[in-house]
Amino acid sequence: MGTHATKPDSTKRILDAVRAIPKGQVAGYGEVARRAGLPGRARLVARLLSQNEDRRLPWHRVLRSDGRIAFPEGSEGWHEQTARLRGEGILVENGRVRGLRAAVTREEALDAEVWGAPPVSRKAAKAVGKSGRRR
DNA sequence: TTAATGACCGTGT
DNA sequence: TACACGGCCATTA
């Protein structure tokens with residue numbers, strides 16, 4: 001079969017994980033990697049996105065773990081990502097997605113009540129919208 | 001082979 | 001909120 005290795009399916013899995021982010025929701029690079037079954041490969045996710053050319057890919061829904069856009073403020077990509085997110089009804093201000101902290105906090109609190117999740121420090125609460133974290 | 005780089009992450013101060 | 005530090009990982013120089 002593969003006389004020479006084909007593109008690692010980790011690539012495919014990461015792209016699938018990105019495509020799986022519902023419209024109007026966002027996820028962090030690390031979160032995407034984890035969902036793709038590749039914990040710790042956040043940088044790989046970033047690299048793939050930087051080389052991606054598929055316009056169908058909802059790359060704009062991927063943010064840094066603190067809810068900020070990964071591009072340098074004011075750059076072209078920064079502007080485009082902001083515009084795309086807003087286009088989906090996501091509130092973005094100053095390169096940062098707003099409305100996550102409250103929502104996430106609420107869900108974390110719920111998790112804690114439901115199955116005794118560990119204490120959430122502000123850091124964790126800031127974690128990017130795992131909006132679809134219900135299971 | 002080693003060093004630097006990058007759309008990153010989590011913790012600690 | 002901001003910055004420093006150490007980790008992680010694939011690609012490039």
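The sequence lines fix the lettering, A, B, ..., with proteins before strands; numbering per chain opens at 1. Just so you know, these numbers come straight off a predicted model, no measurement behind them.
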Notebook entry, point to check: Just to confirm, is there a sub-4.0 Å distance from OP1 or OP2 of dC8(C) to any side-chain nitrogen or oxygen of Arg41(A)?
Noted result: no

Checklist line | Interatomic distance, Leu48(A) CG vs dC8(C) P [rounded to whole Å] | finding: 20 Å

Checklist line | Leu49(A) CG to dC8(B) P, straight-line distance once rounded to whole Å | finding: 10 Å

Next item on the list: Measure the CD1-CG distance between Ile21(A) and Leu57(A) for me, rounded to the nearest 0.5 Å.
Entry: 8.5 Å

Check: Within less than 4.0 Å of OP1 or OP2 of dG10(B), is there a side-chain N or O belonging to Ser65(A)?
Finding: yes

Item checked: Minimum-distance nucleotide (side-chain atoms of Arg43(A) versus dT1(C), dA7(B), dC9(C)) -> dC9(C)

Check: Can you check the Asp66(A) CG to dA7(B) P distance for me, whole Å?
Finding: 16 Å

Check: Separation of Arg34(A) atom CZ from dC8(B) atom P, in whole Å?
Finding: 19 Å

Check: OP1 or OP2 of dA7(B) less than 4.0 angstrom from a side-chain nitrogen or oxygen of Arg47(A), does that happen here?
Finding: no

Notebook entry, point to check: The side chain of Arg64(A) lies closest to which of these nucleotides: dA7(B), dT1(C), dC9(B)?
Noted result: dC9(B)

Check: Using atom P of each nucleotide, how far apart are dA7(B) and dC5(C) to the nearest Å?
Finding: 22 Å

Note to self: Whole angstroms only, please: what is the OH-C1' distance between Tyr29(A) and dG10(B)?
What the structure shows: 17 Å

Margin query: How many whole angstroms separate atom CG of Asp9(A) from atom P of dA10(C)?
Written below: 14 Å

Check: Expressed in angstrom and rounded to an integer, what is the separation of Gln51(A) atom CD from dT12(C) atom C1'?
Finding: 11 Å

Notebook entry, point to check: Thinking salt bridges, do Asp54(A) and Arg19(A) make one under a 4.0 Å N-O criterion?
Noted result: yes

Checklist line | Greater than 12 external heavy atoms within 6.0 Å of Gln51(A)'s CD | finding: yes

Note to self: Under the criterion side chain to side chain contact (heavy atoms under 4.5 Å, CB included), I'd like the reasoning laid out for Arg98(A) against Arg96(A): C-alpha separation, chi angles, the key distance, then a yes or no.
What the structure shows: CA-CA 6 Å; Arg98(A) 297 287 185 176; Arg96(A) 184 176 193 172; 4.3 Å; yes

Check: Should Glu88(A) and Arg84(A) count as an ion pair when the cut-off is N to O under 4.0 Å?
Finding: no

Item checked: Leu38(A) CG - dC8(C) P separation (whole Å) -> 16 Å

Next item on the list: Would you indicate what Trp78(A) reaches in the nucleic acid, counting non-hydrogen atoms under 4.0 angstrom: base, sugar-phosphate, or nothing?
Entry: nothing

Next item on the list: Describe the nucleic acid contact of Gly77(A) in one word from base, sugar-phosphate, nothing, applying a heavy-atom distance below 4.0 Å.
Entry: nothing

